[in-house]
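Right, one structure below, let's go through it.
Fair warning: this is a prediction, and the values are worked out from it, not measured in the lab. Within every chain, numbering begins at 1; the chains are lettered A, B, ... in the order of the sequence lines, protein sequences first and strands thereafter.
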Amino acid sequence: AQATAKPLRPFTFILDFLPYGEYTPYFAALEKGWYKEEGLDVRILRGAGSGDTVKRIAAGQGDAGSADFSPVVAARANEDTKVKSIAVYFRETWLSIFVRTDAGINSPKDLEGKTISTTPGNAHHVLWPLYAQLAGLNGDSVKWVTMDGAAMGPALITKRVDAAPFAHVHEARLQKQAKEQGASLKRFAYKDVGMDLYALTVIAREETIARDGAALKAFLRATIRGMEYAWDPKNIEEGARFVVTRNPEVDLDAAVGAARVATLYGLTDDIKTGKAALGQFDSAKVRKSIDVYTQYLKLKRKVEAEEVYTNDLLPVKR
Amino acid sequence: MPRSLSRFARDYLLPTGTLVAVLVLWEVAYRVFKIPRFIVPAPSAIIAETWEWRFRLVEHTWVTLYETLAGFGLSIAVGVPLAVLIVYSPVLRNALYPLIVVTQSVPKVAIAPVLLLVLGHGEASKLVVAFLVAFFPIVVDTATGLAATPEELLDLSRSYRTSQLKTFVKVRFPMALPFFFSGLKVAITLALIGAVVGEFVGSDKGLGYIILSATSYWKADLAFGAIFLLSLMAIILFALVALVERIVCPWYAAEQQQ
Amino acid sequence: MPRSLSRFARDYLLPTGTLVAVLVLWEVAYRVFKIPRFIVPAPSAIIAETWEWRFRLVEHTWVTLYETLAGFGLSIAVGVPLAVLIVYSPVLRNALYPLIVVTQSVPKVAIAPVLLLVLGHGEASKLVVAFLVAFFPIVVDTATGLAATPEELLDLSRSYRTSQLKTFVKVRFPMALPFFFSGLKVAITLALIGAVVGEFVGSDKGLGYIILSATSYWKADLAFGAIFLLSLMAIILFALVALVERIVCPWYAAEQQQ
Amino acid sequence: MIRLEKVDKTYRTRRGDLVHAVADITLDVRENEFVTLVGPSGCGKSTLLKLVAGLVPASQGTIRVRDEVVRGPFPDVGFLFQHPVLLPWRTVFDNVMFSIEMLGLESRSYRARARELLSLTGLAGFDTKYPRELSGGMQQRVAICRALIHDPGLLLMDEPFGALDAMTREEMSLELLRIWEDRRKTIFFVTHSIPEAILLADRVVVMTPRPGRIARVLEIDLPRPRSVELEFDERFKAYSHAIRSDIFAPRTDREYATLA
Amino acid sequence: MIRLEKVDKTYRTRRGDLVHAVADITLDVRENEFVTLVGPSGCGKSTLLKLVAGLVPASQGTIRVRDEVVRGPFPDVGFLFQHPVLLPWRTVFDNVMFSIEMLGLESRSYRARARELLSLTGLAGFDTKYPRELSGGMQQRVAICRALIHDPGLLLMDEPFGALDAMTREEMSLELLRIWEDRRKTIFFVTHSIPEAILLADRVVVMTPRPGRIARVLEIDLPRPRSVELEFDERFKAYSHAIRSDIFAPRTDREYATLA
Ligand SMILES: Nc1ncnc2c1ncn2[C@@H]1O[C@H](COP(=O)(O)OP(=O)(O)OP(=O)(O)O)[C@@H](O)[C@H]1O
Ligand SMILES: Nc1ncnc2c1ncn2[C@@H]1O[C@H](COP(=O)(O)OP(=O)(O)OP(=O)(O)O)[C@@H](O)[C@H]1O
Ligand SMILES: [Mg+2]
Ligand SMILES: [Mg+2]
């Protein structure tokens, strides 16, 4: 849909955190001009955590944003924030626990009695009981040490704690850092014990969905084009480079690593086998996610699935 | 007595009244303009939530109070001697001030990991953050106050051929007291902020921790409840400093009253 | 002239020397104790990285500088009138102080998101954070200074049956200048911190953003480079305030020199 | 010009006690009159002057100046404090000009007058100095210039020549008389010097020790213009004697009973 | 006791100009001598006293006290400043005791003496007041008590009685003489009053206008103990006349040329 005659519609997209390798599709669509082709002048802003992005979208500061699915549910349940997820970005949970390979922790069970760092409200910590249950270990036996996010890596590498929770995408840079100290790290993923949750989603507020569905649709079309391109193994490096051009503080190697990891969560089996289209929610999984969050986040009420997601804006559904 | 009554009204009822008025206004604004709850919750909801959490909040309040006071104490203990060095020696002043300014300009959140790794997770690291944030106004204000001693008083004191220490204790410091207290007033609130920032960075106790975790758990009511307590604590601590000032330098406070 | 030369040495070489000495010590400690790079990097590495980034860092420095100065300006514009109200009316003092203390005790990191929601993503929100953090010492110190005007000067000024404003402009404020500047010295460094904290929470420009992102990407060299620049900026701004003080109240600064 | 009726002033100190400073003062000062006020230290002379100027509220009684009840400072007055009270951040010249600025008068038209007064008081060449750099007597002279510069109709002067040496003092007294005769002002003038009080005044008011009351009001019937030689005049000596006896008599056996 | 040799003092003001305050002062003050210093305002009397006390460094020449070169303040001295310089946060009593505290003496043994001095100077009943609550003359008396309380061997007094009325002044002068005779001290005393200078002194030093030089040193050959009646003595009048002529002569045609 070429729209050179029409002026571009300004469109603000707010990330859930700082720009990094996991967002290559957005930057690819931007650099390749696909957003422009859709008539959008997209500006990508950084975020300060998924929760913050949900609030900012709710306050109308951006047209769409990137946020984990859990705050979307929580914000709706606790504060009646009228924000919905309009596309899935990462289709599996990327929560993981990292340990030093020389710590003698060979299976999740070995985490019993160990110390794990955390930040207040950390999703790993919140969902730990579920993880423990699924992994068959005594979850109460670990000791959580609260600290700043920035301190978690160093604390793990210098053995101040036995384990540290990180999203999988951070593995590349953690390993790099560990190597400098002559160490290496091992990872236990929450999804590996059968925890079936969505991670990042694209969000928008209900008002925008109702009034400006066309722009959101256009945005998703270009974004999904970006996913298809950037998650193609031969384009990984180029995608990372797109991120680095715009954000020179990002380390290219680490961004490439993150982009590579991102494909594991963006292109899951259901996509590869064609069971679902890119971006598409599965209502059963949404419900399951809601159940988990309602229980573990101690939400004030249980939201209906339709309150927090919609597949209606996606270009293709299966 | 009507005079002391009106004074009581002025000193206690008035501030309380203002704060209550602000809360009422806020509640009204909240209802009239239908402010979305995710921006700020209503005071009524905050108070209800705070009341529910009262026992646990009290414990966290103690922790923050302790860290604040310890950091504050430390910043007096370090700040006053620094001010003295700065006033007595221009050489030291020029050597020290840049270093002190550096300690101020480094964002505490940025060096928190270092502090945590060096000092561990206990209260020490929060206390140090509180101290780092709070000591600067004490240094600057005390130094200004000390330097402002009228020359004739210094001459008087020199005429006794006495030690610098005695001049300091008997003349310069008493003269600088109002400015020392001015520094303390700024420092006590900064120490509180410092303690909270320290808790943000790594703690599982204290009001700072409550604010952060309540925010993460989407419990804005509770987060604001903790902020309320924090504010209350700040007001009380500030008032206590002002009270001590009035006791320690009544000659000055009396003038201020007029 | 040897006198002005020794003074130049004292005022410029000495502070620079101290800072350089600290860096050298740090480098030595780094090498001797083999401090892990991710805790603190070596100054040499930091400087190398900073040099590499110099053009881009300069841009970010400008942003932070602008926010700092705007916030600082705003805090003077608001702080001085507040101090005046506090000194001139005991009733207002008792009503205002608690509110002001509340603005201080609320952790900026906690309300910065709210500000961001209200003021948007632009520089305004950072400016407001800088202002909120910085205006308090200006209020407290200026108020203390104004209240300290010797009574005989006030009597003198009253004897002309002149307006309060004139008394303020001609007598009270000049008399309070050293304390006003004392407040400014604290405020300028706080404004810088405030701008950085604002950038932490929501900005993709400025040194605060660089620190945050570099830390997140584990580029400790770059993060510390930004901290270096921040410290340098703080020292320069602080020195500028001190310089203006010396120009505006030479009679006071001259005494301090002795 | 000034009319005091049963004026009483009691101070409350910081500790809360009361100090009865002046009691039951009834006094009239006529337009263009030169009245001097003498009395023992601490008897309330400064207090009385401040009461008249409206700087301090009376505890009882009424004070009228130009037929208006004094409730605070009023215009067209020059007040000279017992201490010089100079602004430390202003030069000598700017301290003198302070009156002009505070009164909102146009500075330019008074600059020449300021310089003239400074050289008249022997301060020529010191205009750019700061108060700290002056001797005690010089500071007092700056304060005198400041009180005179706007040429007020009423001058309230609290021991203006207290810190001056005998000669400067005489010169300044004569200069003040000259100005007074030239421009016809009302002057109410506190002094510690009995000869000075007589030399200058139309009437001398003598006060008793604290609480200060009026012991005597003495009409000085000496020819004008006056000069220092008058001190050898017999009438002068008689006045002097009368005042001395007023001041010295009551105290020796009262307040100073402890004295050997 | 005090030995000044070719002492010169030039101040540098903030603007950088030089003020030549005293020039070429050579003077000996003997042990137990009472020397008074008179001279026009601004001639350097206070400067000279501060030079002797070591509060201000000489630009040239040497100053010896008790045979030691003065390089800074030295012990066993009581200095009385021209302004009272009281500590505003201390009560009258505590201001007097300030000397004792600064000298590290035992407070307890001086309390009675402090009270005695206060009542001697007519301040009984004011011990708990604050300086602000005193009249100018009362403040000066507190400063006198403070300079006397530790009974120093050398008293340097800068116009101690300047703010006092005629009677208090006479009483205090006589009291000072009594103390001096009792305890044999050396007193170096600046005054503006020529009679006072003569009444008190063994020798009167007369200074010229700035830069202050010694115009004359006058031995006062009057019997002791002295009393106020001496003023009517012929020798007293002669001394007075001599000093007046010293002071008045040079100025009328010099500094004050502008005067009508
Ligand atoms: N602000 C004040 N508070 C309390 N008492 C005061 C105050 N001002 C003056 N007094 C008291 O009032 C009395 C009269 O003081 P005032 O200054 O009028 O005396 P004075 O006649 O001017 O004395 P002097 O000749 O020493 O200047 C004194 O006893 C003094 O202690
Ligand atoms: N700190 C200073 N800086 C510059 N000049 C000064 C300083 N102190 C005094 N002077 C100058 O030195 C000269 C002598 O001053 P000094 O105070 O000794 O006079 P004085 O004889 O005590 O006069 P007075 O009788 O008025 O007290 C004056 O001209 C004065 O301006
Ligand atoms: Mg008086
Ligand atoms: Mg003098």
Practice problem: Please name all residues satisfying salt bridge (charged side-chain N to carboxylate O under 4.0 Å, His left out) with Arg15(E), sequence neighbours left out, ordered by chain then number. | Solution: Asp17(E)

Quiz prompt | Side chain Asp165(E), main chain Ser41(D), donor-acceptor under 3.5 Å | solution = yes

Quiz item: Should the heavy atoms of other residues, nucleotides or ligands under 6.0 Å from NE2 of His241(E) be counted, would the total exceed 12?
Solution: no

Quiz prompt | Residues Arg14(E), Glu133(D); criterion side-chain contact (heavy atoms from CB on, under 4.5 Å); working and verdict | solution = CA-CA 8 Å; Arg14(E) 199 181 315 152; Glu133(D) 299 164 355; 3.4 Å; yes

Quiz item: Relative to chain E, which segment of Thr13(D) carries a heavy atom at a distance below 4.5 Å: side chain, backbone, both, or neither?
Solution: both

Practice problem: Report yes if some heavy atom in the side chain of Arg210(E) is under 4.5 Å from a heavy atom in the side chain of Met138(D); otherwise report no. | Solution: yes

Quiz item: Which bit of Thr128(D) is near chain E, if near means a heavy-atom gap under 4.5 Å: side chain, backbone, both or neither?
Solution: both

Practice problem: Tell me, for Val19(D) versus chain E, whether the close heavy atoms (under 4.5 Å) come from the side chain, the backbone, both or neither. | Solution: side chain

Quiz item: Of all of Glu159(E), Lys129(E), Arg169(E), which one pairs up most often with chain D through heavy atoms under 4.5 Å apart?
Solution: Lys129(E)

Self-check item: Under-4.0 Å salt bridge between Glu170(D) and Arg244(E)
Solution: yes

Self-check item: With sequence neighbours excluded, residues passing side chain to side chain contact (heavy atoms under 4.5 Å, CB included) with Gln140(D)
Solution: Ala163(D), Leu164(D)

Self-check item: Gln139(E) and His83(D): CA distance, side-chain angles, deciding distance, side-chain contact (heavy atoms from CB on, under 4.5 Å) verdict
Solution: CA-CA 11 Å; Gln139(E) 289 174 9; His83(D) 298 294; 3.5 Å; yes

